[in-house]
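Below is one structure, written out as structure tokens, with a few remarks after it.
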Number of protein chains: 2
Amino acid sequence: MKNTVEKIASLGANQKIIDLILPLLIREELPKGYMLLREGRIERSFFFLEEGVARAFHQADGRDVTFWFGAEGEILLSLKSYFSNVPGYESIELLEKSVVYKIPDHALQNLYLSDLDMANWGRRFAEFELMRADKRYLNQQFKTAAERYEEFIRDYPELVNRVQLGHIASYLGVSQVTLSRIRAERR
Amino acid sequence: MKNTVEKIASLGANQKIIDLILPLLIREELPKGYMLLREGRIERSFFFLEEGVARAFHQADGRDVTFWFGAEGEILLSLKSYFSNVPGYESIELLEKSVVYKIPDHALQNLYLSDLDMANWGRRFAEFELMRADKRYLNQQFKTAAERYEEFIRDYPELVNRVQLGHIASYLGVSQVTLSRIRAERR
DNA sequence: TGCATTTTTTAACAAATGTAAAATTGATTG
DNA sequence: CAATCAATTTTACATTTGTTAAAAAATGCA
């Protein structure tokens with residue numbers, strides 16, 4: 001469970017925190033295409049993606065827009081569900097055969113409310129994701145689709161060949177046709 | 001300081017937390033156009049906007065894109081600076097004569113590291129902003145500019161007439177000309 | 001290996017949005 | 001109140017991107 005432990009540690013955890021979290025984890029091996037979380041439900045679980053690739057997406061009027069990718073070491077959850085106990089807006093799909101470590105229900109929440117270091121760990125997790133969400137938004141506003149594609153390749157080099165084009169296109173906010181045109185330009 | 005206290009309380013604070021935060025606050029009255037935070041600097045202050053309106057924006061190649069608005073009761077800070085101690089990417093400008101309450105340096109951080117309730121308060125703040133950032137991003141991807149404008153009017157009814165059009169346009173991710181066209185359609 | 005299915009690319013056209021510049025409206029002040 | 005400045009709207013045109021459909025390439029499986 002190397003990736004999971006590294007992720008926990010990267011959010012500023014000491015050994016004590018790792019020892020608090022590890023006993024909560026339940027290992028699950030899941031197939032490609034598995035829907036880990038579904039939008040519209042209250043999803044109370046929290047996952048570490050130990051191996052595999054996942055995308056978070058949202059559906060409306062027939063369209064399906066990916067707005068988040070995670071590879072090994074990422075944390076997967078339904079933000080609104082987990083933070084506010086209301087139905088979430090995102091589904092999370094595993095794009096490869098994956099191994100996850102699950103923390104069921106709100107076991108973490110209980111730790112947050114009783115342990116200072118855990119509360120600060122949870123704070124840092126939310127802060128990091130917030131910076132990431134903000135950066136993604138600014139990219140969307142400032143950069144052309146071609147530039148965003150270049151940055152995607154830089155930020156997620158492993159994913160370019162593991163994820164199908166339509167998902168990357170919707171993540172970048174363009175149609176698949178446009179992304180194909182961008183790739184053609186590069187050659 | 002009604003708006004500030006309400007904001008603190010809305011993030012799940014009890015009276016103890018309010019009593020911890022209030023003594024840190026320094027009141028400042030600032031003129032329209034004042035730059036509260038500047039991108040590229042390490043900005044270690046944290047503000048409550050008691051009265052007035054502010055926008056966060058980022059500049060690059062001559063363009064200036066607003067990506068956040070705050071009215072009375074909002075918290076203003078440079079995310080990356082505050083969370084990670086590196087130069088931030090956002091500037092915050094006051095769009096009206098404003099009153100803010102400032103917490104200098106990292107006084108809050110110290111509380112986070114020593115008080116469980118404060119750490120959870122900080123966690124909830126980041127979590128709420130994260131949900132908000134995520135929603136903003138999904139709006140950008142899913143809705144037409146006209147729909148985003150309708151939603152803006154619903155979410156920030158007070159701001160429509162207090163903020164100039166160019167800022168709203170850039171917040172919505174369209175040119176000012178396009179926003180003018182959208183407004184013409186509505187009549 | 002070869003067939004079927006899925007994914008990606010290309011083409012043609014339509015629609016939406018940006019840019020630049022002019023016209024209009026509104027606000028401020030001497 | 002007129003004059004000036006700032007903000008918003010409108011116009012004309014160019015460019016980008018989306019949509020739909022077909023072709024090509026890649027993948028999976030019998």
Side-chain angles (χ1 to χ4, degrees), chain A residues 31-34 52-53 55 57-67 69 93-97 138-153 156 158-187, chain B residues 31-34 53 55 57 59-67 69 93-97 138-153 156 158-187:
Chain A
K32 174 174 177 170
Y34 186 83
V53 175
R55 70 177 183 117
F57 65 100
H58 173 74
Q59 285 179 300
D61 26 85
R63 289 192 315 133
D64 159 329
V65 173
T66 297
F67 60 95
F69 284 110
E93 177 188 7
L94 300 176
L95 300 177
E96 299 180 350
K97 182 166 178 300
L138 285 178
N139 268 350
Q140 197 68 18
Q141 297 291 55
F142 269 100
K143 305 207 170 158
T144 64
E147 288 168 333
R148 295 202 298 278
Y149 182 62
E150 296 301 330
E151 186 153 334
F152 180 81
I153 292 173
Y156 300 99
E158 344 77 77
L159 293 193
V160 181
N161 299 311
R162 287 164 82 182
V163 171
Q164 68 187 62
L165 208 63
H167 294 150
I168 297 176
S170 81
Y171 177 82
L172 298 176
V174 295
S175 69
Q176 175 163 337
V177 172
T178 297
L179 182 52
S180 247
R181 286 195 268 240
I182 289 168
R183 283 154 63 106
E185 291 291 319
R186 284 167 54 88
R187 278 179 279 127
Chain B
K32 173 173 176 173
Y34 187 84
V53 174
R55 71 178 183 114
F57 66 99
Q59 286 179 301
D61 27 85
R63 290 192 316 132
D64 159 330
V65 172
T66 297
F67 61 96
F69 283 111
E93 176 188 9
L94 300 176
L95 301 176
E96 299 180 350
K97 183 168 177 298
L138 286 177
N139 269 351
Q140 197 68 18
Q141 298 291 56
F142 269 101
K143 305 208 169 158
T144 64
E147 289 168 333
R148 295 202 297 276
Y149 182 62
E150 296 300 331
E151 186 153 336
F152 180 80
I153 292 173
Y156 299 98
E158 345 76 76
L159 293 193
V160 181
N161 299 310
R162 288 166 78 182
V163 172
Q164 67 187 64
L165 208 63
H167 295 148
I168 298 176
S170 81
Y171 177 83
L172 297 175
V174 295
S175 70
Q176 177 164 334
V177 172
T178 298
L179 181 53
S180 248
R181 287 195 268 243
I182 289 169
R183 283 153 64 105
E185 290 291 320
R186 283 166 54 88
R187 279 178 279 125

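Chain letters run A, B, ... following the sequence lines, proteins first and then strands; every chain starts at 1.
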Could you state the [atom1]-[atom2] distance from [X] to [N], rounded to the nearest angstrom?
X: R183(A); N: dA25(D); atom1: CZ; atom2: C1'; value: 12 Å
X: R181(B); N: dA15(C); atom1: CZ; atom2: P; value: 16 Å
X: E147(A); N: dT16(D); atom1: CD; atom2: C1'; value: 15 Å
X: I182(A); N: dT17(D); atom1: CD1; atom2: P; value: 7 Å
X: R162(A); N: dT27(D); atom1: CZ; atom2: C1'; value: 18 Å
X: Q164(B); N: dA6(D); atom1: CD; atom2: P; value: 12 Å
X: L165(B); N: dT10(D); atom1: CG; atom2: C1'; value: 13 Å
X: L179(A); N: dT8(C); atom1: CG; atom2: P; value: 9 Å

In Å, rounded to the nearest 0.5 Å, how long is the span from OH of Y156(B) to CZ of F69(B)?
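Going from the OH atom of Y156(B) to the CZ atom of F69(B) covers 8.5 Å.
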With nearest nucleotide decided by heavy atoms, which residue, R63(A) or Q176(B), maps closer to the 5′ end of DNA chain D?
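That would be Q176(B).
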N or O in side chain of T178(A) less than 4.0 angstrom from dG18(D) OP1/OP2:
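Indeed, a polar side-chain atom of T178(A) lies that close.
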Between dT9(C), dG18(D), dT11(D), which nucleotide gets closest to the side-chain atoms of S180(A)?
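Per side-chain heavy atoms of S180(A), the pick is dT9(C).
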Are the charged groups of E150(B) and R186(B) less than 4.0 angstrom apart, N to O?
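Yes, this pair counts.
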Between the main-chain N or O of T66(A) and the side-chain N or O of S170(A), is there a donor-acceptor pair closer than 3.5 Å?
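Answer holds: yes.
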Provide the closest heavy-atom pair for R162(B) versus E158(B) in the form atom of the first, atom of the second, distance.
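The pair with the smallest heavy-atom distance is CD-O, 3.2 Å.
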Within the structure shown, what part of the strands sits under 4.0 Å from A145(A) by heavy-atom distance: base, sugar-phosphate, or nothing?
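Counting heavy atoms under 4.0 Å across all strands, no contact is made by A145(A).
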